[in-house]
Amino acid sequence: MLGGIIGSFQPSLVCSLCRKEDILFLNFGSHRVKRKRKVKVLSFLAVIFEEIVEDCINCHGLYFFEFVSCSAFLLSLLILCVYCTIAYETFGKDKVNKMNFWTMLIIGAFFLIASIVLAATSSGSAFEKAACVFGFFASGAFLAEFIWELWCSRKQSTEECSENPGHTQGATEDQPLNKPS
């Protein structure tokens, strides 16, 4: 029975049913998404190790780190979902990239501050140290993502400006408008 179902399966039918609008994950293999997955893993590990801490002496730093790490994890998850779905095309590439650019800077800066505060106020348990280390790694990854986006945008803007750097006239611009007859 199963052989009859598989045998009647036609690839042309599948191709006609699968349209670009129906595919959920469009950009899942891109380099940007791969970098975002690495950032997500580091921020998730910081959240996990922070949640494992059982008791603390001065808990204000731990609570601040918990808020920042969970917020960073959820925001980066939201950005990853935007990049992987058709929302990337719906919102527009430029708007999403601009939002990503500033979000990575803000998350990286807050993660760095939260990691410094946790390092200063920790009681020295192994899980607090691990959370702090992964917090520094995650803040470095977020800031590296920001620097990469900055470098790419600068590179793109210099390529656009260098199309005609000397403002030289092309071959068609030297020709007279009306040819003498």
In a table with atom names and distances, give each donor-acceptor pair under 3.5 Å that connects a side chain of residues 53-65 to protein atoms at least two apart or in another chain.
none

Which hydrophobic side chains are connected to Leu77, either touching it within the sub-4.5 Å cutoff or through other members that do? none
For a quick test of your reading: what N or O donor-acceptor pairs under 3.5 Å do the side chains of residues 44-52 make, sequence neighbours left out?
none

Single-linkage hydrophobic cluster Val117~Phe67, side-chain heavy atoms < 4.5 angstrom: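 Yes, Val117 and Phe67 fall within the same hydrophobic cluster.
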Under the rule for side chain to side chain contact (heavy atoms under 4.5 Å, CB included), what residues qualify as partners of [X], not counting sequence neighbours?
X      : value
Leu105 : Trp102, Leu143, Phe146
Ile106 : Phe110
Ile147 : none
Leu74  : none

Applying side-chain hydrogen bond (donor to acceptor under 3.5 Å, both in side chains), name anything that partners Ser71, two or more places apart in sequence or on another chain.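 None.
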Quick one: side-chain hydrogen bond (donor to acceptor under 3.5 Å, both in side chains) partners of Ser139, sequence neighbours excluded? none
For [X] and [Y], which heavy atoms make the closest approach, and how far apart are they?
X      : Y      : value
Ser43  : Phe142 : CB-CE1, 4.1 Å
Leu118 : Glu128 : CD2-O, 4.0 Å
Ser115 : Cys132 : O-SG, 3.6 Å

Rounding to 0.5 Å, atoms OG (Ser76) and CZ (Phe111) come to a distance of 8.5 Å
Could you check Leu150, Ile107, Asn100, Thr103 and say which one makes a side chain to side chain contact (heavy atoms under 4.5 Å, CB included) with Glu145?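 Considering Leu150, Ile107, Asn100, Thr103, a side chain to side chain contact (heavy atoms under 4.5 Å, CB included) with Glu145 is found only for Asn100.
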